[in-house]
2 protein chains.
Amino acid sequence: MQPLDPEALAGDSNAVMDFLAEYYRDVDKYPVRAANLEPGRLRELLPKAAPEVGEPMEEVLEDVRRDILPGLTHWQSPRFFAYFPMNASAAGLAGEMLSVGLNVVPFVWAASPAAAELETVVVDWMAQLLGLPRRFMFSGGGGGVLQGSTCEAVVCTLAAARDRQLARLGHEAITRLVVYSSDQTHATFQKGARLVGIPPSNFRAIPTSAASGYGLTADAVRAAVDRDVALGLVPLYLCATVGTTGLGAVDAVREIGELRDYLDGAELADSVSTNPHKWFLTNMDCCCLWVANPRALTSALSTDPEYLKDDVGIDECTGKPAAIDYKDWQISMTRRFRAIKLWVVLRRYGAAGMRAHIRRHVAAAQWFEQAVAADGRFEVVVPRRFSLVCFRLAKRCVGDDDAAANGANRDLLAAVNASGQAFMTHFVVDDRFLLRLAVGGASTELLHVKEVWELLQGKADEVLQRYQRKAHRM
Amino acid sequence: MQPLDPEALAGDSNAVMDFLAEYYRDVDKYPVRAANLEPGRLRELLPKAAPEVGEPMEEVLEDVRRDILPGLTHWQSPRFFAYFPMNASAAGLAGEMLSVGLNVVPFVWAASPAAAELETVVVDWMAQLLGLPRRFMFSGGGGGVLQGSTCEAVVCTLAAARDRQLARLGHEAITRLVVYSSDQTHATFQKGARLVGIPPSNFRAIPTSAASGYGLTADAVRAAVDRDVALGLVPLYLCATVGTTGLGAVDAVREIGELRDYLDGAELADSVSTNPHKWFLTNMDCCCLWVANPRALTSALSTDPEYLKDDVGIDECTGKPAAIDYKDWQISMTRRFRAIKLWVVLRRYGAAGMRAHIRRHVAAAQWFEQAVAADGRFEVVVPRRFSLVCFRLAKRCVGDDDAAANGANRDLLAAVNASGQAFMTHFVVDDRFLLRLAVGGASTELLHVKEVWELLQGKADEVLQRYQRKAHRM
């Protein structure tokens with residue numbers, strides 16, 4: 001057995017590449033949401049134990065085709081409009097193959113200097129593309145790191161904020177720390193706060209409303225913080241979101257930023273994070289986290305065991321700030337060479353290509369929003385931002401009845417998803433059930449958005465007729 | 001731009017495969033540790049901003065060859081004996097390509113049922129191969145999950161243990177919770193404990209000694225726990241290790257397990273974790289975590305936001321235990337389809353192949369240990385377990401002087417690593433600096449171990465002559 005024999009490597013990989021090329025030729029033909037939704041079915045199909053003797057790659061791939069593909073939801077289908085899409089791309093796959101193929105671990109600088117440095121370069125590139133302030137770039141005294149997910153980023157920055165406060169107040173004060181977000185903030189934030197030991201009774205999900213487009217306002221934040229301070233609690237961390245998951249709402253970041261003095265000891269926008277694995281053609285996983293003060297982060301996350309002390313043989317470098325031990329910028333010690341993936345994506349498509357990719361989805365969502373608004377049976381629930389459209393069948397079409405309107409919209413979503421021709425998910429705001437069209441799949445084009453609109457119109461006819469008959473009978 | 005066009009996909013991927021095949025043909029020729037150890041060098045070579053227009057894959061790969069490879073430490077070299085090696089393999093790469101190529105997100109069951117189920121199958125397979133008790137398998141009421149690293153597994157199980165205690169004692173009790181490990185336990189454990197909010201003053205690193213091969217003993221644990229209980233503290237979590245990083249020491253797991261009543265409310269060996277990405281031919285990243293009581297884990301980690309409620313369209317399944325939302329078994333919501341990678345590895349090599357792979361390394365380490373023991377200049381510092389050999393130049397060869405012995409061993413390690421012909425790391429125990437030969441690289445064979453022994457002998461001559469001359473002059 002020669003696990004890294006170049007011939008074996010090429011053989012197995014070529015078989016997979018052929019499989020994937022075929023998959024992407026056909027991906028549009030699969031039902032988007034898994035056709036087989038019976039729990040336990042795959043377990044029944046597979047043997048109860050690993051094979052004793054190795055099998056050929058062709059057999060393995062045949063099993064993937066026969067047993068696994070029918071049970072997958074096809075996230076790379078151009079008709080995937082659910083949750084938020086997760087982008088894949090030729091460059092993202094190629095970059096990930098380099099990362100996984102080289103299989104180096106840039107956890108301490110000496111363990112792979114070029115990998116750590118490439119990471120410092122691409123996070124600065126990304127910060128520029130997003131127009132972040134210079135204080136988040138290495139070139140401006142801050143810095144960034146590539147993690148696996150927003151939740152990791154949240155845990156790390158919460159731990160940094162917590163430890164800064166506890167160093168001042170003593171560890172018992174952990175029960176007095178309070179974290180803030182809106183009622184629209186992703187659940188991952190409260191999960192992160194809970195992980196780092198903030199008492200759940202100190203999570204403030206500040207209510208938002210249609211008046212602010214379901215975005216957080218400075219007044220609401222100020223009121224919540226004032227209340228807690230009066231109670232002797234310690235405001236720790238505010239999480240603001242630009243484009244929430246449910247509705248795409250935007251918190252008033254700049255306005256809230258002016259409240260920084262309210263947040264005792266903390267500075268608002270100490271950190272920023274975003275996921276290239278969502279809309280930026282970068283296969284999973286890749287989350288950019290930038291911090292203005294790297295030392296606050298590494299103080300909370302560093303370790304220095306003997307077996308990682310790397311002064312042996314590289315004395316001339318020790319202590320230089322250019323030599324980053326990225327293990328101290330994240331939860332885990334082990335880490336992937338994600339930088340090469342994001343770098344390949346940026347190189348292959350360029351800034352212009354990325355902009356075109358994103359703009360084409362925003363334009364398609366715009367088209368969809370206008371189509372919905374022009375159809376009397378539907379309504380747009382919140383004004384579109386970016387490429388997420390939140391819409392529903394209007395209440396007036398089902399006897400002006402709240403429950404009926406929610407039922408009809410549930411039925412509409414179920415009918416669309418059961419068709420296999422598209423996959424969307426829902427949200428509920430102010431007790432109104434709505435459908436979310438999240439445009440963002442790597443191969444999703446205006447054509448697919450137009451098709452899903454036709455599909456929705458057809459299913460809406462069926463659903464509305466059913467509800468109108470029902471109303472008539474009553 | 002068609003990011004998922006099958007031709008583009010094949011083009012970019014084939015270019016990378018050719019690159020990787022060439023890399024693995026030559027990997028043995030590179031200096032193992034990065035030749036270029038000057039911080040900041042790569043940053044200087046690369047442009048300050050992402051390109052505006054996309055570039056061909058060939059140019060990108062040319063830059064990898066010219067700018068990045070010389071700055072990498074080659075973890076896949078057969079002469080990599082540092083830290084613990086991280087395995088790569090043809091099957092591991094192929095499996096990862098499937099994972100990254102399909103790019104599905106098995107975070108809630110409905111989002112990719114077959115992916116979640118494959119994960120339940122492979123963790124049961126792995127539990128069988130390792131001979132874990134049935135209570136850690138899905139088939140026995142427990143269950144497993146694939147995470148990215150041990151640190152994540154530690155954070156998750158610590159959070160579960162913590163929340164179980166705090167539900168009983170109230171959140172203020174967080175400052176009274178105490179965690180236990182040995183002074184040889186990986187630093188990741190204390191990092192994890194700190195992340196979940198345990199006060200650092202409540203971390204007990206129980207001293208070990210040569211008498212127990214630097215493994216934790218039941219007596220030492222009992223004494224530490226008794227002390228804390230007498231102080232009104234609450235023992236929370238004990239981390240036992242089979243094969244520590246520094247020395248490969250083994251904690252007396254069975255003996256300590258008999259103390260479970262001492263750990264108030266907790267049950268010892270509630271969880272087990274191991275990393276297939278280290279010695280199990282599975283490219284990064286892949287950590288198996290098994291728990292005997294999945295509910296304790298999901299109670300600490302679950303979230304249930306509206307946009308993930310998946311009752312729409314799959315009513316018949318809701319609530320069935322077979323439908324696992326793996327997002328509640330880990331830190332992040334987002335997750336990779338790691339199961340298909342581990343499954344491909346197990347299928348391609350089989351249980352017999354994996355055993356052979358591991359035994360060949362143990363045999364090579366055994367050979368090395370005997371060679372060291374037979375050479376009067378060297379000594380084996382702790383008896384070898386598995387495939388890690390901890391050894392050093394004997395103190396008697398450098399004037400019986402402690403400081404000189406440490407210096408000589410430091411110099412020996414530096415000389416070996418500077419040669420580029422091997423890469424090893426060190427450890428310190430009882431103030432003795434030692435060298436670690438960690439045999440475990442996917443393509444490492446007895447031949448390479450014999451070569452590094454020759455190299456060590458040659459460098460030892462040079463170092464000892466220098467020290468003997470020095471001693472002579474004094």
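Chain naming here is simple, since letters A, B, ... match the order of the sequence lines and numbering starts at 1 in each.
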Under 4.5 Å heavy-atom distance to chain A, tell me which part of [X] shows up: side chain, backbone, both or neither.
{"X": "B:Leu129", "value": "side chain"}
{"X": "B:Ile198", "value": "backbone"}
{"X": "B:Leu281", "value": "side chain"}
{"X": "B:Asp163", "value": "side chain"}
{"X": "B:Arg162", "value": "side chain"}
{"X": "B:Glu52", "value": "both"}
{"X": "B:Leu46", "value": "side chain"}

Please state whether the side chain, the backbone, both or neither of [X] comes within less than 4.5 Å of a heavy atom of chain B.
{"X": "A:Glu96", "answer": "side chain"}
{"X": "A:Ile174", "answer": "side chain"}
{"X": "A:Glu55", "answer": "both"}
{"X": "A:Ala91", "answer": "both"}
{"X": "A:Asn87", "answer": "backbone"}
{"X": "A:Ala418", "answer": "neither"}
{"X": "A:Leu61", "answer": "side chain"}
{"X": "A:Thr303", "answer": "side chain"}
{"X": "A:Asp124", "answer": "side chain"}
{"X": "A:Leu195", "answer": "both"}
{"X": "A:Glu152", "answer": "both"}
{"X": "A:Tyr23", "answer": "side chain"}
{"X": "A:Pro47", "answer": "both"}
{"X": "A:Thr334", "answer": "side chain"}

Closest non-hydrogen atom pair, [X] against [Y]:
{"X": "B:Pro200", "Y": "A:His171", "result": "CD-CD2, 4.1 Å"}
{"X": "A:Ala187", "Y": "B:Met333", "result": "CB-CE, 3.9 Å"}
{"X": "A:Gly71", "Y": "B:Pro113", "result": "O-CD, 3.2 Å"}
{"X": "A:Met1", "Y": "B:Gly353", "result": "CE-O, 3.3 Å"}
{"X": "A:Ala88", "Y": "B:Pro3", "result": "O-CB, 4.3 Å"}
{"X": "B:Phe337", "Y": "A:Leu72", "result": "CE2-CD2, 4.2 Å"}

Is there a donor-acceptor pair closer than 3.5 Å between any side-chain N or O of [X] and the backbone N or O of [Y]?
{"X": "B:Arg336", "Y": "A:Met284", "result": "yes"}
{"X": "A:Lys191", "Y": "B:Ser302", "result": "no"}
{"X": "A:Trp343", "Y": "B:Val60", "result": "no"}
{"X": "B:Trp75", "Y": "A:Ser112", "result": "no"}
{"X": "A:Tyr24", "Y": "B:Gly101", "result": "yes"}

For the [atom1] atom of [X] and the [atom2] atom of [Y], what is their distance to the nearest 0.5 Å?
{"X": "A:Ser13", "Y": "B:Leu93", "atom1": "OG", "atom2": "CG", "value": "4.0 Å"}
{"X": "B:Thr73", "Y": "A:Trp109", "atom1": "OG1", "atom2": "CH2", "value": "8.5 Å"}
{"X": "A:Ser149", "Y": "B:Ile331", "atom1": "OG", "atom2": "CD1", "value": "8.0 Å"}
{"X": "B:Lys48", "Y": "A:Trp125", "atom1": "NZ", "atom2": "CH2", "value": "10.5 Å"}

Decide if atom CZ of A:Arg43 counts as having more than 12 heavy atoms of other residues, nucleotides or ligands within a radius under 6.0 Å. yes
Between [options], which residue shows the highest count of heavy-atom pairs closer than 4.5 Å to chain B?
{"options": "A:Leu4, A:Val27, A:Leu346", "answer": "A:Leu4"}
{"options": "A:Gln76, A:Gln128, A:Arg25, A:His74", "answer": "A:Gln76"}
{"options": "A:Met57, A:Glu22, A:Met86, A:Arg41", "answer": "A:Met57"}
{"options": "A:Thr175, A:Leu20, A:Val104", "answer": "A:Val104"}
{"options": "A:Ala21, A:Pro51, A:Gly148, A:Pro78", "answer": "A:Pro51"}
{"options": "A:Ala49, A:Gly92, A:Ala115, A:Ala352", "answer": "A:Ala49"}

Test side chain to side chain contact (heavy atoms under 4.5 Å, CB included) on B:Leu69 and A:Leu102 and set out the steps. CA-CA 9 Å; B:Leu69 286 189; A:Leu102 295 169; 4.1 Å; yes
Can you tell which of [options] has the highest number of heavy-atom pairs within less than 4.5 Å of chain A?
{"options": "B:Ser99, B:Gly11, B:Ala356, B:Ala442", "answer": "B:Ala442"}
{"options": "B:Pro70, B:Ala94, B:Pro199", "answer": "B:Pro199"}
{"options": "B:Asn103, B:Val16, B:Val155, B:Asn283", "answer": "B:Asn103"}

Is the shortest distance from a Lys or Arg side-chain nitrogen in B:Arg347 or A:Asp63 to a carboxylate oxygen in the other one below 4.0 Å? yes
